[in-house]
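Keep in mind it's a predicted model, so treat the numbers as computed, not measured.
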Amino acid sequence: MGSGPSNPEPSVLRALAAPPLAADDPVFETFVDDLGARLRRVFGAGNARALVVPGASRAGVEAVLASVVEPGDRVTVGAYGHFGELLCSLVERHGGALRRIDAAWGEAIDPDRVAAELRRAPPKVFAVVHADTSTGILQPLEEIGRVCREVGTLLVVDAVLSLGGCELRVAEWSIDAAMGGAQKCLGGPPGLGPVVYSDRFRRTLTARREPPHSAYLDLRRLERQPRSTPLLFGLREALRIVEEEGFEARWDRHRRAGGALVAGIEAMGLETFGDRARSAPMITLVRVPEGVIEAGVREQLLAEHGVEIMAAFGQLRGRVWRIGTMGTNACLPSVLQVLAALEAVLSARGLRIQRGVAVDAARAAFQS
Ligand SMILES: Cc1ncc(COP(=O)(O)O)c(C=O)c1O
């Protein structure tokens, strides 16, 4: 119940044990085509290019930025958490002239502010995180997409957390490049960076004055030479399961699981962190009550209940816990288990909690 990786389905784990295929094996070519089609569908990416960068989700994030940003290019980043900071640092590392639009941690960025900034001086790229795992906030993108299209800016979105767990419509929202994660709401293995990008985005890559500084993270090279790893078999199986469930049913399951968790947390008398109206369904931040040792609770949850929750990053470290409801864990039994365990651990540590109400509230909320 952490911030990912989530627990993959057993068939995903079995798929990982298949023998590797050589990259020049004709079977691999067919496999890559099928994987690409599945990725386009789960991203809602129309006829975009799809490929998978082996090497953690941030390899996909960096491949997109390394490939599109040329030294001196104007790039604006919307930052409202740790992964927005990652975007900023990657833009600078690849020589972009960075401009930031910041929101306080716990809030989303106001799309009207973005629109005004972009219209005033359109950058080449606007990059933003869809759901930032460090703050639990979901950034609305539709209006930003419309403005980017209007002013001729490429919209690049980190959808590592959100992919498969809530509505994401890359083509419809005019997103030019999106980077996902296999190991969160998709329930696949960690170690892969699936990405999709539009023709418009691709034309910018072709028009580069110089090749990207990174040889490995060059999307055009990765297009020509897809890398083969058995992790891809796990991803394909995860995507098969996602399609079998149906995208909207899966988004709804994540919404209900997140809602049930929040209902239980509040019934227990604890507080969540961040703007609830902008909260992502697949991760919930819970304020650590006064006098409670943050790390001690996590250790006891794991040791006594077999439940893992996560610490926070940066300015929130020690102040909140992060509880994930993603992939296989976005279900009532997991939510009830973490609530019952948290209640027991906090009670044992002297916090006055009315026992049983959290589980009841979560059960009721899950039905709605
Ligand atoms: C929103 C977001 N972006 C990027 C990443 C980086 O993923 P990885 O750790 O797989 O490189 C994460 C990981 O938690 C994330 O949550």
Does [X] use its side chain to pair, donor to acceptor, with the backbone of [Y] at less than 3.5 Å?
X: S89; Y: L86; result: yes
X: T328; Y: N7; result: yes
X: D158; Y: V61; result: no
X: R256; Y: F366; result: yes
X: S228; Y: L21; result: yes
X: D176; Y: L155; result: yes
X: R49; Y: S198; result: no
X: K124; Y: L154; result: no
X: T135; Y: W105; result: no
X: R319; Y: Q315; result: yes

Sole candidate of V196, V157, L168 that passes side chain to side chain contact (heavy atoms under 4.5 Å, CB included) when paired with L163: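 Looking at V196, V157, L168, the match for L163 under the side chain to side chain contact (heavy atoms under 4.5 Å, CB included) is L168.
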
Worked check of salt bridge (Lys or Arg N to Asp or Glu O under 4.0 Å) between E223 and R202: CA-CA 11 Å; E223 273 179 12; R202 190 158 182 276; 2.8 Å; yes

Residue pair [X] / [Y], side-chain donor-acceptor N/O under 3.5 Å:
X: S162; Y: H130; value: yes
X: Q183; Y: S57; value: yes
X: Q367; Y: R363; value: no

Closest non-hydrogen atom pair, L270 against P289: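 Reported closest heavy-atom pair: CD2-CG, 3.5 Å.
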
Chi angles and distances behind the side chain to side chain donor-acceptor pair (under 3.5 Å) call for H94, E70: CA-CA 7 Å; H94 292 284; E70 292 196 63; over 6 Å; no

Geometric class of the F247/W251 ring pair [parallel <30°, tilted 30-60°, perpendicular >60°]: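 If you compare the ring of W251 with that of F247, the planes turn out parallel.
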
R352 atom CZ, neighbour heavy-atom count above 12 within 6.0 Å: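 No, the 6.0 Å shell around CZ holds no more than 12 heavy atoms from other groups.
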
